[in-house]
Amino acid sequence: MPMPERGRPWPELAAEMEAMRAGDLDWRRGRHGAYVWYASDDLEHVLREAFGMFLVENGLGIRVFPSLARMESEVLETVADLLGGPGAPGIFTSGGTESIFLAVAAMREWARATRPGLQRPGVVAPHSAHPALDKAAHYLGLEVRRVPVGPDFRADPAAMATAIDGQTIGLYASAPSYALGMVDPIAELGQLAAARGLWLHVDACVGGILGPFVRELGYPVPPFAFEVEGVTSVSADLHKSGFAAKPASTVIFRTEAHREFARFTFSDWPGGTYSSLTFTGTRPGGAIAAAWAAFQFLGREGYRELAAASMRARAAIESGLRAIDGVRIHGEPQLFAFAWAAEGVSMGRVAAALAREGWVAARTTSPDGIHVMATPIHERYADEYVAAAARAVAAARAAAGPALERPAAYN
């Protein structure tokens with residue numbers, strides 16, 4: 001539509017915008033399996049206020065905004081500490097895709113510096129790796145060699161070792177994998193990376209912030225970050241299990257030298273030297289401020305409570321699903337993400353039936369199933385989800401003819 005000739009008053013705009021969202025995802029009643037990480041109205045208020053305080057400041061210019069420089073530094077220090085690498089350097093990014101991109105870009109530049117003459121550098125990854133890896137490789141001119149996961153749906157170190165060749169520069173692992181919630185055997189992959197002289201990136205975008213608190217609560221979460229020798233970089237989203245405002249993520253490197261390989265510097269233009277560690281350049285100062293405020297508002301105690309609520313939500317949903325005839329959970333997920341399927345039915349039909357009742361049912365295809373990302377808000381709606389799932393499975397079993405499959409898509 002064209003821009004109006006004359007401006008309109010905010011109350012009128014607000015009413016129209018509120019009407020627009022009438023058909024949006026009902027995340028406040030837990031109808032989502034992804035996209036939104038909500039903790040409480042109190043935290044949401046803090047995020048709005050903090051973001052608004054720095055709404056127009058540009059994170060690209062932290063030299064002129066020392067407040068943002070301090071908050072960004074303290075957020076990165078906190079994340080590094082959570083990931084078992086106190087003092088490790090990092091980069092504040094716009095999301096998991098940028099964090100993974102910068103890790104892979106640094107990996108490539110590191111390989112160019114240490115192994116000149118490579119023709120087509122490549123990364124070996126399990127089939128469960130997030131597509132952001134292939135997106136980064138596409139832009140950076142790298143090859144990705146995906147290998148089958150083991151019977152437990154986790155990365156298979158032996159298969160990955162076999163896939164390594166003279167062009168391989170790095171390995172990729174997840175903690176957890178987005179679709180099925182599996183924490184790969186990072187300790188074994190770290191040993192493999194160290195023995196072969198390879199860069200190991202751990203995609204902890206989903207679990208990196210809350211995972212350590214789940215472990216503190218006594219759940220068997222294996223080591224997945226810098227406590228493992230051989231891990232070179234770790235990505236961890238603040239706007240996922242950090243419950244911060246979007247867009248906010250981090251990528252942490254083992255050493256300053258490793259981080260410097262992500263830097264882009266250019267000086268052959270009239271503006272002098274341009275040097276940046278991020279891909280985006282301009283960055284919203286509000287995202288930095290909101291992430292800092294979330295850490296300070298919640299503290300370790302608050303994150304332990306969110307971890308406990310997320311794991312209770314997962315347990316409630318999982319136990320209810322297991323009571324449905326023929327339903328199984330894929331593998332043994334260690335955190336709050338998992339996927340499930342019902343034997344003998346089309347999960348496409350099940351997902352469609354859930355969608356008709358207002359539930360977002362993100363599909364998995366290998367293996368076939370439905371993905372759930374349990375967050376604190378899901379605890380109070382677990383019974384509703386299980387009841388809807390039972391109806392959806394029953395409807396799928398009663399249906400005849402081929403199912404109309406529509407895999408999940410992300411824009």
Side-chain angles (χ1 to χ4, degrees), residues 27-40 42-43 79 82-84 128 152-154 174-186 202-225 227 236-244 294-295 297-324 327-340 359-362 364 369-387 389:
W27 55 266
R28 287 191 178 275
R29 292 196 302 142
R31 266 51 183 172
H32 58 294
Y35 302 118
V36 176
W37 293 74
Y38 169 80
S40 68
D42 289 342
L43 178 59
V79 175
L82 289 173
L83 296 176
S128 54
D152 59 357
F153 303 112
R154 302 195 305 156
S174 304
S177 57
Y178 186 91
L180 300 184
M182 303 298 173
V183 177
D184 287 329
I186 309 297
V202 176
D203 170 11
C205 289
V206 170
I209 305 300
L210 210 58
F213 295 102
V214 173
R215 185 188 292 130
E216 283 187 15
L217 293 171
Y219 291 91
V221 180
F224 61 80
E227 66 271 36
D237 283 2
L238 301 166
H239 60 216
K240 286 193 176 77
S241 65
F243 293 89
F295 280 176
F297 180 75
L298 290 170
R300 298 187 68 90
E301 181 181 26
Y303 278 103
R304 277 193 293 270
E305 291 173 358
L306 293 177
S310 298
M311 295 304 286
R312 289 195 303 267
R314 177 203 151 176
I317 296 171
E318 184 176 321
S319 63
L321 289 173
R322 288 184 186 276
I324 301 171
V327 168
R328 66 185 184 280
I329 306 300
H330 291 312
E332 298 181 1
Q334 295 96 334
L335 292 170
F336 29 79
F338 67 95
W340 63 278
W359 298 91
V360 170
T364 65
I370 290 174
H371 161 82
V372 176
M373 190 76 73
T375 66
I377 199 172
H378 290 99
E379 185 176 13
R380 73 189 79 161
Y381 297 109
D383 290 343
E384 292 184 32
Y385 179 79
V386 170

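Along the sequence shown, residues are numbered consecutively beginning with 1.
Relative orientation of the His371 and Tyr178 rings is parallel, given thresholds of 30° and 60° on the angle between their planes. Classification of the Tyr385-Trp340 ring pair by plane angle, with boundaries at 30° and 60°, yields perpendicular. Aromatic ring pairs are classed by plane angle as parallel below 30°, tilted from 30° to 60° and perpendicular above 60°; the pair Tyr303 and Phe243 is tilted.
When side chains are defined from C-beta on, Ser310 counts as touching Leu210, because their heavy atoms get closer than 4.5 Å. Counting only heavy atoms from C-beta outward, the side chains of Val214 and Gln334 never approach each other to under 4.5 Å. A heavy-atom distance below 4.5 Å is found between the side chains of Met373 and Val206. Within the 4.5 Å cutoff, side-chain heavy atoms of Phe338 are placed close to those of Leu321. In this structure, His239 and Ile209 have side chains that are not in contact, with every pair of non-hydrogen atoms separated by 4.5 Å or more. With a 4.5 Å cut-off on side-chain heavy atoms, Asp237 and Trp37 do not count as touching.
Between the OG1 atom in Thr375 and the NE2 atom in His32 there is a gap of 4.0 Å [rounded to 0.5 Å].
With sequence neighbours excluded, no residue satisfies side chain to side chain donor-acceptor pair (under 3.5 Å) with Arg380. With sequence neighbours excluded, no residue forms a side chain to side chain donor-acceptor pair (under 3.5 Å) with Tyr219. Glu332 pairs by the side-chain contact (heavy atoms from CB on, under 4.5 Å) definition with nothing, not counting sequence neighbours.
For the pair Arg28 and Tyr38, the cation sits on the ring face: its NZ or CZ lies under 6.0 Å from the ring centre, inside 45° of the axis.
Aromatic ring centres of Tyr35 and Trp27: separated by at least 6.0 Å.
For the pairing with Pro176, the side chain to side chain contact (heavy atoms under 4.5 Å, CB included) check across Val221, Asp184, Asp203, Val183 returns one residue only, Val183.
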